[in-house]
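Scroll down for the structure; my scribbles are underneath it.
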Amino acid sequence: MIKNLKALAEIKDNNGDIKRMKLRPLYALMVIFFSGVLSLSAVSPNTDRPVEDVSTYLVFKRKAKQHHIATKTITVSSAISSGYYLVAGVFGVYDNAYSYAKTLRRKKFAAEVFKSPENGMHYVYLQKTTSGDQAIEAYLNTSYEKKMWILQVDSGNTPQAASISHSKDVAGPHENSRKTFLQTAKNMGIATRKVEGLQGLTNGYYAVVGVFGDMSNVFRFKKSLDAKGFRSQTVVHPETGLNYVYLSHNTDWKEVLTEVSSGFDGRYKGKTWIMEVDNGIAPDLSPSMERIKNQVIADQKVQAPKKTKGRISSSKDPPAKLLQKADAYFDKMWYAEAAELYEEYLNGHEDHYSYEILQKAGDSHYFNSNMERALYWYDILYNRYADEISSENIFKYAHSLKGTGKYSRAKRLMRIYDRRVKKEGMRYAVDDPRTTPKEKALDNILNTEQEYTLRNIATNSEYSDFSPMFYNGDQLVFASAMDSSFFTTRRYKWNNQPYLDLYVAKVNQESQEVKDAIKFSKKINTKYHEASVTFSPDNSTMYFTRNNYGKKLKRDKNGVNNLKIYRSRKVDGAWTEATELPFNSDEFSTGHPALSPDGKKLYFVSDRPGSLGETDIFVVDVFEDGSFSEPRNLGPEINTERKEMFPFITDKKLYFSSNGHIGLGGLDVYEVAYTEEEGFQEVKNMGKPINSKSDDFSYIVHEDTQKGFFASNRRGGQGDDDIYSFSKLMPEELNLNAIEGVVTDLVTGEVMPEALVTLLDENNIKLKEVVSDKDGSFVFEDLDGTTKYTVRTTKEGYSEVVMNAPTGDNEVVNVEVKLEKLEDLIVLEEGIKKIKLNMIFFDFDKSYIRNDAATELNRLVAVMKENPSMVIKIESHTDSRGPAVYNKYLSDRRAKSTRDYIISQGIDPKRIESAIGYGEERLLNGCDGSIRCSSEQHQLNRRSEFIIVNM
């Protein structure tokens, strides 16, 4: 994954000027234009010198097959050395091949790259041998564990033990070799010329791309080459005064022919010819070239060279020159290039370990987010200069520790930082929350890991993808450099990444799957950076970040190109030409716009005068006429002395990224609640897994669903910065289904504590049981919705009460339970003592005990148990419908059924004197069949009575 600086952005114009904006890096979009690779088919290989005879070739193939080694043979021109190559990878794009070779070299493999002129492919190989047996032996003994195979190259020349084509024409080309060179160049259509009198160059062959008489033209042309990543050099002819600008030179003409024929691996499309020099040995640079180089460094206009073959500097460079280059790149904020040079300068030279150089070495890696190497140098700096180290460096040391997961050590360093800051004086008040010990805050973050589901979205590329934003309900707009995989002319030199464009993709709101990414409007995307977009509520206005440019990039007084916010409106379904906002400036940067949900406030990031730190979050009011208020700093509750960026605002919270608040390393995402009345509340770290030890930023979310997206450069992604979708695993919705109530005395209304309340399901199976509280209350929680429940309440000396209590959908059912004293059920009616129950009903023409009847009979049982000597008799009655004889028979069955139920509840049969049915003989109303009666009137006559015979 390519290293980059997340907290800073850098812009480069065509003149090589670079801007380090204290925002997010806006990586350069690079378009690779493949110039047609000139065919070398016209060159006939020297068939008089075959690599090996046929029998030897067959033996090699057989041996390789026995060892299960894949092989392949290609025939090329004499520009490539014959031999056997242990190939670890084949690439169509040189940058990919070089990057892989560099990775292998870091793992201590001697990886090199060559390109076949015939097929245009770049081969990364680990070793080259002159025979097949040597190649097989090398294959079997290598420590390289991934897929590898042997490529046999036949170029018609004698195999060389060294790497590609190293014939050594040192003092001058031999005549036969020169004739071959001239004929080969002619066949390839490449112009050549022998130039004499150049006393400042080594003998050899030079790939010349321009000849100028005016030095100002030389400067302009070299600057354009530098912008494309070439390390061009210049020599002046002492007699003619002509300036020759060349891109490469070599004592071997085959190497130069290969570079020219391929257009320097497709990177240069201009005219090129080869200059042949034969003057004897001389220094590489003429005095005029040395002056040019010194002037460029002095003006701080050195273009960091594009990484092609080899390192950006030679090990032959003296240490003083290495350091000079490193410091020049560091001052121009080319941190990736500076870091490499500092590494080379310090490697094996502890006498170079000065405070300043160690600090710059650490800072170069730190600002490029390579926390492992930053930690390495900060650790040396701290151990060697503990008494001199600044608070700033202690903070970065602690940050790099967090960035590599060493939290325990980081907390100790933060304690030291706290003490140092307090001793040196603080900007914040003593009672400010940020002055509390940072290790405690870090512990809280580490111990608070929320439940999220994270997914790396499908549209991520190997380059930087970040700044997602919701659009049109079912789309996502984001910044990406994805086009650079195949097209390159311009790279963003901070980290060798391409320039950014805005893309739009479809989003499945349920699964959050992102697909079908295409470029956003051509009116918005330019050849420079576009990123960090926000839309008005009706999606008719958009704000985004772009380089400050008109016809060309604009620079401030220090030669820096700043960032600005631009606005575009949609007219007739198309976006209009964007215009910059009035609070931008050529003298500072403004970016990362974020509109409030109502579109009336625009939040943004800037390093403008009045900022509390390196970059702060500001806000302006957006008026109905499209104008704006003066920018307001959100203040020290949000902004720190370091970087705050990527704001996103909802109707409840502000989200942003920062490396100034306490976090896990790199940029972390923070949230802060706010209301119109109380403003912003306490800033809180989002915790893991949203935050990690890497950079985490550009967080957006739907508050209602807690689904959204953010970007991170954490390990495991597709490339540099990747966009992740997230879904917060919401705690299960609180089950509000409950039954609650209060038990009281039916007559007095007093609350009834310690009553037994039982919850039954629809099958009368007991589910729960509680005792009413001192205030008579009870509750059954976590119940199923839309379910039939029964609540049964009993208390000694009181009648049992049974009530139906069906639940709804997430609601609380309230019931009032009124208990009646058992003694109150004994009544005297017309001189006869009875147990007064609610009516005992039977279904028409039935004698079984219904549930409601059982409830009433249970009250009778309770009375009889309360009065052990009580004896009763049961009388059952029917209505007048049906034959009288049958009714008497039916009522008698009901009486007997009632008696059986009471006995089943534990009452001695002897305490029931009789159970007799009287049919329709004792009607309570005039419904004897002579008058018309309702069903309710007839039902009053279907009853049972309980007469007390003895107490």
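Below, all heavy atoms of this structure are taken into account, side chains as well, without hydrogens, waters or symmetry copies.
Partner of I617 under the side-chain contact (heavy atoms from CB on, under 4.5 Å) criterion, out of I638, I649, N633: I638 alone. Considering F466, F726, F656, Y670 in turn, F726 is the only one that fulfils the ring-ring contact (aromatic ring centres under 6.0 Å, His included) rule with Y699.
Comment: R714 engages D696 in a salt bridge, judged by a side-chain N to carboxylate O separation of less than 4.0 angstrom. Classification of K564 and D586 as a salt-bridged pair holds, one side-chain N sitting under 4.0 Å from a carboxylate O.
In this structure a side-chain-to-backbone donor-acceptor pair under 3.5 Å is missing from S727 to T453. With S596 contributing its side chain and K601 its backbone, the two residues share a donor-acceptor pair below 3.5 Å. Judged purely by atom type and a 3.5 angstrom limit, E671 has no side-chain atom pairing as donor or acceptor with the backbone of K653. T807 places a side-chain N or O within 3.5 Å of a backbone atom of T787 that can act as its donor or acceptor partner. Between the side chain of S589 and the backbone N or O of L563, at least one donor-acceptor pair lies under 3.5 Å. Although no hydrogens or angles enter the test, the distance criterion places a donor-acceptor pair under 3.5 Å between the side chain of N460 and the main chain of I723. Of the possible donor and acceptor atoms, one in the side chain of R608 sits under 3.5 Å from a partner among the backbone N and O of F583. Checking side-chain atoms of H592 against main-chain N and O of F646 turns up a donor-acceptor pair under 3.5 Å. Using a distance-only test at 3.5 Å, with no hydrogens or angles considered, no donor-acceptor pair links the side chain of T534 to the main chain of A594. Side-chain N or O atoms of D695 include one that pairs as donor or acceptor with a backbone N or O of L667 at under 3.5 Å.
Within the model, atoms CD of E513 and NZ of K506 stand 11.0 Å from one another, a figure rounded to the nearest 0.5 Å. Of the inter-residue distances, the one linking N539 atom CG with Q475 atom CD reads 9.0 Å to the nearest 0.5 angstrom. Annotation: the span from N525 atom CG to L502 atom CG amounts to 5.0 Å, rounded to 0.5 Å. To the nearest 0.5 angstrom, T545 atom OG1 is 10.5 Å from L500 atom CG. S480 contributes atom OG, which lies 13.0 Å from atom CD of E530 (distance to the nearest 0.5 angstrom). From L401, atom CG reaches atom NZ of K396 across 14.0 Å, with rounding to the nearest 0.5 Å.
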Kindly indicate, with the supporting measurements, whether the criterion side-chain hydrogen bond (donor to acceptor under 3.5 Å, both in side chains) is fulfilled by D782 and N737. CA-CA 6 Å; D782 297 326; N737 291 310; over 6 Å; no
Could you walk me through whether M469 and I700 satisfy the side-chain contact (heavy atoms from CB on, under 4.5 Å) test, starting with their C-alpha distance in whole Å, then the side-chain angles of each, then the deciding distance to 0.1 Å, before giving a yes or no? CA-CA 7 Å; M469 182 53 62; I700 63 174; 3.9 Å; yes
Show your reasoning for whether salt bridge (Lys or Arg N to Asp or Glu O under 4.0 Å) applies to D616 and K643. CA-CA 7 Å; D616 284 3; K643 299 178 183 69; over 6 Å; no
Audit row: I518, V504, side-chain contact (heavy atoms from CB on, under 4.5 Å) steps and yes/no: CA-CA 6 Å; I518 59 175; V504 60; 3.7 Å; yes
Would you please test S467 and F478 for side-chain contact (heavy atoms from CB on, under 4.5 Å) and show each step? CA-CA 5 Å; S467 280; F478 59 94; 5.8 Å; no
Quick one, E703 with K652, criterion salt bridge (Lys or Arg N to Asp or Glu O under 4.0 Å). Give me CA distance, side-chain angles, the key distance, then yes/no. CA-CA 8 Å; E703 291 285 7; K652 296 180 180 179; 5.6 Å; no
If you apply the rule side-chain contact (heavy atoms from CB on, under 4.5 Å), what do you find for V622 with Y543, and how did you get there? CA-CA 12 Å; V622 183; Y543 300 83; 4.1 Å; yes
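Between Y724 and F710, the ring planes lie parallel to each other; the angle is under 30°, not in the 30° to 60° tilted range.
Between S611 and D607, the side chains place no donor N or O within less than 3.5 Å of an acceptor N or O (distance only, hydrogens not considered).
More than 12 heavy atoms of other residues, nucleotides or ligands sit less than 6.0 Å from atom CG of D625. Atom NZ of K684 is surrounded by 12 or fewer heavy atoms from other residues, nucleotides or ligands within 6.0 Å.
Annotation: cation-pi pair R567/F544 absent, no NZ/CZ under 6.0 Å from the ring centroid and within 45° of its normal.
Of all heavy-atom pairs between S536 and D538, the closest is OG-OD1, 2.7 Å.
Considering only residues two or more places apart in sequence or on other chains, E577 meets the salt bridge (Lys or Arg N to Asp or Glu O under 4.0 Å) condition with K523. Residues forming a ring pair (Phe, Tyr, Trp, His ring centres under 6.0 Å) with F535 (at least two apart in sequence, or on another chain): Y471.
Side-chain atoms of E637 and V672, non-hydrogen and from C-beta on, never get closer than 4.5 Å to each other. Residues D474 and V507 are not in side-chain contact: their nearest non-hydrogen atoms beyond the backbone lie 4.5 Å or more apart.
Residue pairs meeting the ring pair (Phe, Tyr, Trp, His ring centres under 6.0 Å) criterion with at least one member in residues 674-695, sequence neighbours excluded: Y674-F680.
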